[in-house]
Amino acid sequence: MSESNLVADQVWKEIQSTHTVNDDQLYILHFLFGKNFEGATRIVDQRGVKRISGQPSGRFIFQVTGESRKKDQYLCFAENFCACYSFFYDVVNRGEQLCCKHQLAARLAASLGSYVEVKVSDEELALLLSKI
């Protein structure tokens, strides 16, 4: 794990423990993630993050609304994967970013507890995941 990821993980833990974010934490996250973090904060401010939880297992995935006019929905695991083009191009292929803005939005919303909770059956969650 890179030093940048270690610093980010520490900040996320601090935010999660208080469910608030302060100016220093915002500065650090912006320094690490740049324009992707700016986009993520806009998405969270617009309530664009849903946490889809399967019942009864409690397994979950995030559905994040994009910023384009089309308002595309992207499924993502905050720390590991997003179905958006930027994740594959900028994160996986070119390695220019640590993560995409949808992952950041999911992580920020999860840390603050500011997502929309959607409960579905485990079967519905499995079907949703099969479309990735």
Side-chain angles (χ1 to χ4, degrees):
M1 183 178 279
S2 74
E3 290 178 17
S4 295
N5 279 330
L6 291 172
V7 170
D9 281 345
Q10 184 60 41
V11 174
W12 292 124
K13 287 176 187 172
E14 291 170 8
I15 295 169
Q16 191 169 13
S17 70
T18 62
H19 293 294
T20 60
V21 60
N22 64 42
D23 288 342
D24 290 339
Q25 293 162 332
L26 287 172
Y27 177 80
I28 292 167
L29 293 172
H30 187 267
F31 179 81
L32 293 172
F33 301 111
K35 66 179 177 63
N36 281 350
F37 186 68
E38 293 172 20
T41 59
R42 286 191 298 271
I43 291 168
V44 172
D45 285 345
Q46 295 169 4
R47 306 280 296 158
V49 179
K50 293 179 184 174
R51 183 178 184 258
I52 303 173
S53 301
Q55 302 299 313
S57 72
R59 293 182 179 105
F60 64 89
I61 190 166
F62 289 97
Q63 185 177 51
V64 181
T65 303
E67 290 189 288
S68 70
R69 273 187 253 134
K70 294 190 297 185
K71 299 293 183 193
D72 291 326
Q73 301 281 316
Y74 299 102
L75 294 175
C76 69
F77 295 100
E79 297 179 36
N80 303 310
F81 172 82
C82 183
C84 76
Y85 178 78
S86 177
F87 177 79
F88 288 104
Y89 189 70
D90 295 328
V91 178
V92 175
N93 191 28
R94 296 188 335 185
E96 291 183 356
Q97 299 290 329
L98 295 172
C99 58
C100 71
K101 66 183 170 186
H102 310 107
Q103 289 175 283
L104 287 170
R107 191 106 188 240
L108 182 60
S111 295
L112 294 170
S114 62
Y115 49 80
V116 176
E117 181 74 42
V118 178
K119 295 184 188 242
V120 298
S121 70
D122 284 328
E123 292 78 16
E124 289 173 295
L125 183 60
L127 182 62
L128 191 63
L129 292 171
S130 72
K131 296 177 182 178
I132 294 179

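In this chain, numbering begins with 1 at the start of the sequence shown.
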Check your understanding: If we only count heavy atoms from C-beta on, is the Thr65 to Gln46 side-chain gap below 4.5 Å?
Key -> no
Study note, to complete from the structure: Separation between CG (Leu128) and CD (Glu123), nearest 0.5 Å, reads 13.0 Å
Review point. If you look at every heavy atom in Ala8 and Phe33, which pair is closest and at what distance?
Key: CB-CZ, 3.8 Å
Review point. Hey, is CG on Asn93 packed in by over 12 heavy atoms from elsewhere, all under 6.0 Å?
Key: yes
Scan the side chains in residues 100-107 for donor-acceptor partners under 3.5 Å anywhere in the protein, sequence neighbours excluded, and list what turns up.
unit_1 : atom_1 : unit_2 : atom_2 : d
Lys101 : NZ     : Glu67  : OE1    : 2.9
Gln103 : OE1    : Cys100 : N      : 3.0
Arg107 : NH1    : Asp9   : OD1    : 3.4
Arg107 : NH2    : Asp9   : OD1    : 3.1

Review point. Backbone N or O of Asn22 within a donor-acceptor pair of the Gln25 side chain at under 3.5 Å?
Key: yes
Exercise for review: Report whether Phe37 and Tyr27 are members of the same hydrophobic cluster (ILVMFWY, side-chain heavy atoms less than 4.5 Å apart, transitive linking).
Suggested key: no
Check your understanding: Do Asp122 and Pro56 touch side chain to side chain, with heavy atoms closer than 4.5 Å?
Key -> yes
Exercise for review: State, with a plain yes or no, whether a side-chain heavy atom of Ser111 is found less than 4.5 Å away from one of Lys13.
Suggested key: no
Point to revise | Between CG on residue Leu112 and NE2 on residue His19, distance to nearest 0.5 Å | key: 8.5 Å
Practice item. Taking the side chain as every heavy atom from C-beta outward, state whether Gln10 and Leu6 have any pair of such atoms under 4.5 Å apart. Key: no
Review point. Given side chains that start at C-beta, do those of Leu29 and Ile15 come closer than 4.5 Å, heavy atoms only?
Key: yes
Review point. Under a 4.5 Å side-chain heavy-atom rule over Ile, Leu, Val, Met, Phe, Trp and Tyr, are Val44 and Val118 clustered together?
Key: no
Review point. What distance do Ser114 atom OG and Asp45 atom CG have between them, rounded to the nearest 0.5 Å?
Key: 8.5 Å
Check your understanding: Given the rule that I, L, V, M, F, W and Y join up when any side-chain heavy atoms are under 4.5 Å apart, are Tyr115 and Val120 in one cluster?
Key -> no
Review point. Just wondering, more than 12 heavy atoms not from Phe31 lying within 6.0 Å of its CZ?
Key: no
Check your understanding: Is there a chain of hydrophobic side chains (I, L, V, M, F, W, Y, each step under 4.5 Å between heavy atoms) that links Val64 to Leu125?
Key -> no
Check your understanding: Do the non-hydrogen side-chain atoms of Ile132 and Ile61 ever get within less than 4.5 Å of each other?
Key -> yes
Exercise for review: Evaluate the ring planes of Phe77 and Phe81, with Trp represented by its six-membered ring, and classify them as parallel (under 30°), tilted (30 to 60°) or perpendicular (over 60°).
Suggested key: tilted
Point to revise | Interatomic spacing from CD in Glu14 to OG1 in Thr20 - rounded to 0.5 Å | key: 10.0 Å
**Study point:** Atom pair NZ (Lys119) and CD1 (Ile52), whose distance is rounded to the nearest 0.5 Å
**Key:** 13.0 Å
Check your understanding: Which distance, rounded to the nearest 0.5 Å, do you find between the OG1 of Thr41 and the CG of Asn36?
Key -> 11.0 Å
**Study point:** Check: Asn5 side chain, Leu98 main-chain N or O, donor-acceptor pair, under 3.5 Å
**Key:** no
Review point. Is there a chain of hydrophobic side chains (I, L, V, M, F, W, Y, each step under 4.5 Å between heavy atoms) that links Phe87 to Val49?
Key: no
Check your understanding: Looking only at heavy atoms, what is the nearest atom pair of Phe88 and Cys82, with distance?
Key -> CE1-O, 3.7 Å
Review point. Between Ala83 and Tyr74, what is the shortest heavy-atom contact and its length?
Key: C-CD2, 4.2 Å
Exercise for review: Apply the test side chain to side chain donor-acceptor pair (under 3.5 Å) to residues Gln55 and Ser121: give CA-CA distance (whole Å), side-chain angles for both, the deciding distance (0.1 Å), then the verdict.
Suggested key: CA-CA 5 Å; Gln55 302 299 313; Ser121 70; over 6 Å; no
